[in-house]
Number of protein chains: 2
Amino acid sequence: MTAESRADHRPSATPPLTERQEARRRRILDASAQLAARGGFDAVQMREVAEAAGVALGTLYRYFPSKVHLLVATMQDQLQHMHTTLRKRPPGGAAPAERVAETLMRAFRALQREPQLADAMVRALTFADRSVSPEVDTVSRLTTAIILDAMGAAQPTPEQLSAVRVIEHTWHSALITWLSGRASIAQVKIDIETVCRLIDLTAPERTAARQ
Amino acid sequence: MTAESRADHRPSATPPLTERQEARRRRILDASAQLAARGGFDAVQMREVAEAAGVALGTLYRYFPSKVHLLVATMQDQLQHMHTTLRKRPPGGAAPAERVAETLMRAFRALQREPQLADAMVRALTFADRSVSPEVDTVSRLTTAIILDAMGAAQPTPEQLSAVRVIEHTWHSALITWLSGRASIAQVKIDIETVCRLIDLTAPERTAARQ
DNA sequence: ATCAAGTCTGTAACTTGTTCTACATTAGCG
DNA sequence: CGCTAATGTAGAACAAGTTACAGACTTGAT
């Protein structure tokens, strides 16, 4: 059970990395997160990341072909953490809508602890162009997984998936308005709770509850 | 009734512009839109905008303190157009939710005609940092106005305003997923229709009939 | 152990957003 | 008109993302 078996998360046809390469990748991601946590998107300067990670600039670009790729990968990394953390203490609400809202608010509070890091990651995510689509998609799938987990919908209907998509849209966009100082934390909370009402609307309605 | 009285749209304490200045501003915005329409965000290069507008680089920066400011202003400009255009033929649906969805889809089709321009504007909008907040807020208010128009809610309740906020979030984020090729046009349509269901949910339901 | 292919390193160059500077033009005002 | 402050111009300079390249180091197969 060496480092090798752990490394096979990524779906794409990445040639497996040697141990030293895995270590380099990790140092880079850590350096990225650390610089981001200090000063947000702008503070993640490729030369500085390279230096902090003890790697040449060219190498950094071999691992992550652009700053946006790097930050999206950083987000993937952080989301993994969050997903495992969230799984440990599942939300307590009775209705799916409540549980999703609770989960997202928990994630939101985690982001509030490192607002600059959140800034860097979210800005990169929404600024990403087509060349980063696969990576952004991975982040999106992770987010979807977290929300579906909270809903407790193992076999979501297409309608429910639509609701989840809309929730994700709202989540990202609300984060942006918060990060750029155009919405308060309270406002974000309201938006999340509002959009989560869509879940009730799309629940498999044979179960009496809401009609 | 010279050009002067027309110029007083902007709320901030902008000293009134002379006629030549108004003309410069217009040339800059037009050049920006034209370059954006060609090649999207990346094709809007400040030197090229300046040259196309027949203005020195320093002047461009006096009018718009950054590329993002410029593109957000371009978006304001385009939204004005759209708002007037949309007002001319109001949506035909019976229920507010239908009308809003119809209006947004109409706007979406307009954006599809110039996808590169849409790309430049939307990317700028979501990439904008705090220094652009006032301008982004103006765009947001314009969008809100368009949606409220379509709803026909002259006196929206706080709940309805929350729904509108969420609709806006979804609108922006769905546009981004479309622009970066991660969602199809059909998918965007579904997302818009899904989120518009929130309107029914928040309608002032004491007035039995849909009023 | 050795060789070829692939990786890394250090560094310079290039691109484009942004800032700065020195000088010319314009606008408002007495 | 003639002055002065604000505005505009041309172009250099700077910053950070990105690319290019020559030489050293690793790796894997023989």
Side-chain angles (χ1 to χ4, degrees), chain A residues 2-4 7 13-28 31-32 35-36 38-74 120 123-124 127-132, chain B residues 2-4 7 13-28 31-32 35-36 38-74 120 123-124 127-132:
Chain A
T2 65
E4 247 213 318
T14 313
L17 300 182
T18 73
E19 212 158 324
R20 307 186 60 193
Q21 287 175 320
E22 200 61 63
R24 269 192 208 99
R25 196 184 129 89
R26 184 105 305 282
R27 287 205 306 278
I28 292 173
S32 166
L35 286 172
R38 282 219 179 293
F41 188 89
D42 293 332
V44 181
Q45 301 193 358
M46 298 303 268
R47 286 172 239 258
E48 286 202 37
V49 172
E51 188 182 1
V55 118
L57 189 57
T59 305
L60 172 53
Y61 273 95
R62 176 186 287 275
Y63 281 71
F64 302 97
S66 79
K67 175 168 171 171
V68 169
H69 280 87
L70 170 58
L71 284 172
V72 171
T74 304
R123 297 261 294 286
F127 191 58
D129 67 357
R130 301 181 109 85
S131 71
V132 204
Chain B
T2 66
E4 248 213 315
T14 313
L17 300 182
T18 73
E19 213 158 324
R20 306 186 61 192
Q21 287 176 319
E22 201 61 61
R24 269 192 207 98
R25 197 184 130 88
R26 182 107 305 282
R27 286 204 308 279
I28 293 173
S32 166
L35 286 171
R38 283 218 178 294
F41 188 89
D42 293 333
V44 181
Q45 302 194 358
M46 297 304 266
R47 285 172 240 260
E48 287 203 36
V49 173
E51 189 181 0
V55 121
L57 189 56
T59 305
L60 172 52
Y61 273 95
R62 178 188 286 274
Y63 280 72
F64 302 98
S66 80
K67 174 169 173 171
V68 169
H69 281 86
L70 170 59
L71 284 172
V72 171
T74 303
R123 296 262 293 289
F127 191 58
D129 67 356
R130 302 180 108 83
S131 72
V132 204

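Since we're looking at a predicted model, the values are computed, not measured. Residue numbering restarts at 1 for every chain, and letters A, B, ... go by the order of the sequence lines. These numbers come from the heavy atoms of this one structure, side chains and all, not from hydrogens, waters or symmetry mates.
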**Student:** Might you list the N or O atoms of the protein lying below 3.5 Å from N or O atoms in nucleotides 12-18 of chain C, with each pair's distance?
**Tutor:**
residue : atom : partner : partner atom : Å
C:dT16  : OP1  : B:Gln45 : NE2          : 3.2
C:dG17  : OP1  : B:Val44 : O            : 3.4
C:dG17  : OP1  : B:Lys67 : NZ           : 3.1
C:dG17  : OP2  : B:Met46 : N            : 3.1
C:dG17  : N7   : B:Arg47 : NH2          : 2.5
C:dG17  : O6   : B:Arg47 : NH2          : 2.8
C:dT18  : OP2  : B:Tyr61 : OH           : 3.0
C:dT18  : OP2  : B:Lys67 : N            : 2.9
C:dT18  : O5'  : B:Tyr61 : OH           : 3.4
C:dT18  : O4   : B:Arg47 : NH1          : 3.3

**Student:** Within the structure provided, determine whether A:Phe64 and A:Met46 are in side-chain contact (heavy-atom separation under 4.5 Å).
**Tutor:**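 No - every pair of side-chain heavy atoms lies 4.5 Å or more apart.
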**Student:** Would you say that B:Tyr63 contacts B:Gln21 through its side chain, given a criterion of any heavy-atom pair below 4.5 Å between the two side chains?
**Tutor:**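 In contact.
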**Student:** Please give, in whole Å, the distance from D:dT7 P to B:Ile28 CD1?
**Tutor:**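 My rounded result for the distance is 14 Å.
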**Student:** In whole angstrom, what separates A:Glu19's CD from D:dG28's P?
**Tutor:**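 Taking atom P of D:dG28 as the reference, CD of A:Glu19 is at 12 Å.
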**Student:** Apply side-chain contact (heavy atoms from CB on, under 4.5 Å) to the pair B:Arg24 and B:Arg20, showing each step before the final yes or no.
**Tutor:** CA-CA 6 Å; B:Arg24 269 192 207 98; B:Arg20 306 186 61 192; 4.1 Å; yes
**Student:** Could you say whether B:Gly58 or B:Arg20 is positioned toward the 5' end of DNA chain C, judged by the nucleotide with the nearest heavy atom to each?
**Tutor:**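 Residue closer to the 5' terminus by nearest nucleotide: B:Gly58.
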**Student:** Identify whether any heavy atom of B:Tyr63 sits under 4.0 Å from a base atom; if not, whether one sits that close to sugar-phosphate; answer base, sugar-phosphate or nothing.
**Tutor:**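 B:Tyr63: backbone/sugar contact only, no base atoms under 4.0 Å.
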**Student:** Provide, to the nearest angstrom, the distance between the CD atom belonging to B:Gln21 and the P atom belonging to C:dA27.
**Tutor:**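 Atom-to-atom, B:Gln21 to C:dA27, this comes out as 8 Å.
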**Student:** Do A:Arg25 and A:Glu22 come close enough that some side-chain heavy atom pair is under 4.5 Å?
**Tutor:**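 A:Arg25 reaches A:Glu22 side chain to side chain.
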**Student:** A:Glu51 CD to C:dT9 C1': how many Å, rounded?
**Tutor:**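 After rounding, the gap between these two atoms is 14 Å.
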**Student:** Can a side chain N or O of B:Thr59 be found less than 4.0 Å away from OP1 or OP2 on D:dT9?
**Tutor:**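 Yes, such a contact exists.
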**Student:** For a quick test of reading the model, state the closest non-hydrogen atom pair linking A:Leu35 to A:Val44 and the distance between them.
**Tutor:**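 Where A:Leu35 meets A:Val44 most closely, the heavy atoms are C-CG2, 4.2 Å.
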**Student:** B:Arg62 CZ to C:dT26 C1': how many Å, rounded?
**Tutor:**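 For the pair B:Arg62 CZ and C:dT26 C1', the rounded distance is 12 Å.
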**Student:** Could you tell me whether the side chain of B:Val49 reaches within less than 4.5 Å of the side chain of B:Lys67, counting heavy atoms only?
**Tutor:**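 B:Lys67 does not reach B:Val49 side chain to side chain.
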